[in-house]
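Everything numeric here is computed off the predicted structure, so don't read it as measured data. Order of appearance sets the numbers: ligands from 1, and atoms from 1 within every ligand.
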Amino acid sequence: MRYDKNHQYFSFEGMVDMEFKIGVIKGDGIGPEIVTEAMKVLDKTGEVYGHTFSYTQLLMGGASIDAYGVPLTEETLRQARESDAVLMGSIGGDAKTSPWYRLEPSKRPEAGLLALRKGLNLFANLRPAVLYDELKGACPLKEEIAARGFDMMIMRELTGGLYFGKRSTEEVDGVLTAKDELTYNENEIRRIAKRAFDIAMKRGRKVTSVDKANVLDSSRLWRKIVEEVAADYPEVTLEHMLVDNCAMQLVKDPAQFDVILTENMFGDILSDEASMVTGSIGMLASASLNETKFGLYEPSGGSAPDIAGKGIANPIATILSAAMMLRYSFDLDREADAVEQAVEAALRDGYRTADIMSEGRIQIGTAEMGDRICGYIR
Ligand code: IPM
Ligand code: MG
């Protein structure tokens, strides 16, 4: 947010009435439906608490390919940079049937997302994985494990490592050979580690740093730098865990985790696993942050082209992502709490979209879930 004259004025009650500029990437598949509900909830929150949210629609991913032939234009990147934050649905289509996947890899929807992350320097990806009391029945783990519950934050480095290293496919001595480079420098490791420790200070004060230091040089450097950062946070307990063990521990004893800190590729894999054990990927938010207050907020799940346009997708992950936006980019903690409590109230009163439906509950569609949640905003 910018505290200049154009963005700040006083309402009649004398409270500060803020205007926030949000870039909106509705995206592909179920993206437009779920983002519409999150905007509804933001508007309701603004009404109750006296803030104005203004939206600029941006195209990225498949929708941008259809309009401009590329998944991300310079102009969209510029507009995203000029926003206070970006709210995003999900991008991409069915890789088997969509024409987007007949394009070369650098022109496909996912390439737009990677270029956006890099272009906005969004190095810190926060993916909370929470087992909601109301949804414990959906957890695929053994009952005694689910009973303990869990609430972890996966901090994934998002602009380095294998995703952004040099890659090539060429013939070497007549043999087709592909190469992907994994590079991390100490500065990239230090800044994400600091973020992880800062967040741990506000949570359970434990960081589990995940690497493959028994094999990889990049992981050995990772471990060394994380230990240096940890020295500045004596109240936080640090432990190191190898990634293969972490994959196992996530299903064996997820309650042991508070903040999981890891590099890009490991974080991609572990965050999908963590979301699956909650049993409800339609509930999981995420935030991608840079050094400033700016952030990109999106649900953890994909664009689900198979159910797009049917009005049955779960908008809660996107609504909770909007709550993260209120908290991390706009410093509106009270308002973020209100949205999170409204989601819990809707669940408590039995409202469910199809993906989280269980016996005796009330099944509703995407738009009705948005409306119900708005109704609980106080
Ligand atoms: C994610 C996704 C992306 C990633 C894909 C779509 C490129 O899986 O956000 O986790 O691998 O980062
Ligand atoms: Mg992923």
Side-chain angles (χ1 to χ4, degrees), residues 25-31 34-35 59-65 70-72 76-77 80 86-98 100-101 103-129 152-165 167 180-184 188 192 210 243 246-247 250 260-278 280-290 295-306 308 317-318 320-321 324-325:
I25 299 172
K26 288 196 167 179
D28 310 317
I30 58 171
I34 55 183
V35 170
L59 294 184
M60 195 272 284
S64 174
I65 295 174
V70 289
L72 177 70
T76 301
L77 187 57
V86 171
L87 178 66
M88 191 177 123
S90 41
I91 54 125
D94 182 343
K96 283 204 196 87
T97 57
S98 164
W100 301 329
Y101 295 91
L103 300 167
E104 60 171 280
S106 68
K107 300 239 165 71
R108 293 178 194 165
E110 287 74 10
L113 180 58
L114 297 188
L116 189 67
R117 287 174 181 168
K118 195 70 171 178
L120 297 170
N121 196 25
L122 303 172
F123 65 87
N125 182 215
L126 283 62
R127 298 189 169 183
M152 69 185 96
M153 178 69 88
I154 299 190
M155 294 281 303
R156 168 189 177 193
E157 201 292 327
L158 203 58
T159 51
L162 277 171
Y163 275 65
F164 295 95
R167 54 183 110 261
D180 297 279
E181 237 172 52
L182 200 185
T183 307
Y184 270 107
E188 291 170 312
I192 183 80
V210 175
V243 62
C246 182
L250 276 171
I260 291 181
L261 163 65
T262 193
E263 64 91 50
N264 205 345
M265 183 75 166
F266 296 158
D268 179 46
I269 299 167
L270 295 176
S271 62
D272 261 27
E273 185 187 1
S275 68
M276 189 60 223
V277 299
T278 69
S280 45
I281 187 158
M283 301 286 299
L284 299 180
S286 89
S288 304
L289 310 174
N290 62 20
L296 170 79
Y297 299 84
E298 58 175 317
S300 282
S303 60
D306 51 321
T318 319
L320 291 173
S321 300
M324 288 183 92
M325 171 187 289

Of all N, O or S atoms in D268, identify the one at the shortest distance from the Mg ion (ligand 2).
OD1

How close does the nearest protein non-hydrogen atom get to atom 5 (C) of ligand 1, and which residue and atom is it?
E110 CG, 4.3 Å

Can you find a pair of side-chain heavy atoms, one from V277 and one from L250, that are under 4.5 Å apart?
no

Taking the side chain as everything from C-beta on, heavy atoms only, tell me whether S288 gets closer than 4.5 Å to N125.
yes

Check: M153 and L126 side chains under 4.5 Å, non-hydrogen atoms
yes

Minimum side-chain heavy-atom gap E110-Y101 below 4.5 Å:
yes

Quick check for you: to the nearest 0.5 Å, what is the distance between M265 atom CE and E157 atom CD?
13.5 Å

For atom 8 (O) of ligand 1, which protein heavy atom lies nearest, and how many Å away is it?
D268 OD1, 3.3 Å

So is R156 in contact with ligand 1, going by heavy-atom distances below 4.0 Å?
yes

the protein heavy atom lying closest to atom 1 (C) of ligand 1 turns out to be R127 NH2, 3.3 Å

Any N or O of R117 closer than 3.5 Å to N or O of ligand 1
yes

Quick check on the Mg ion (ligand 2): does D272 put an N/O/S atom closer than 2.8 Å to it?
no

In this structure, atom 4 (C) of ligand 1 is nearest to the protein heavy atom Y163 OH, 3.5 Å

For residues Y297 and A287, report the shortest heavy-atom separation together with the two atoms involved.
CE2-CB, 3.4 Å

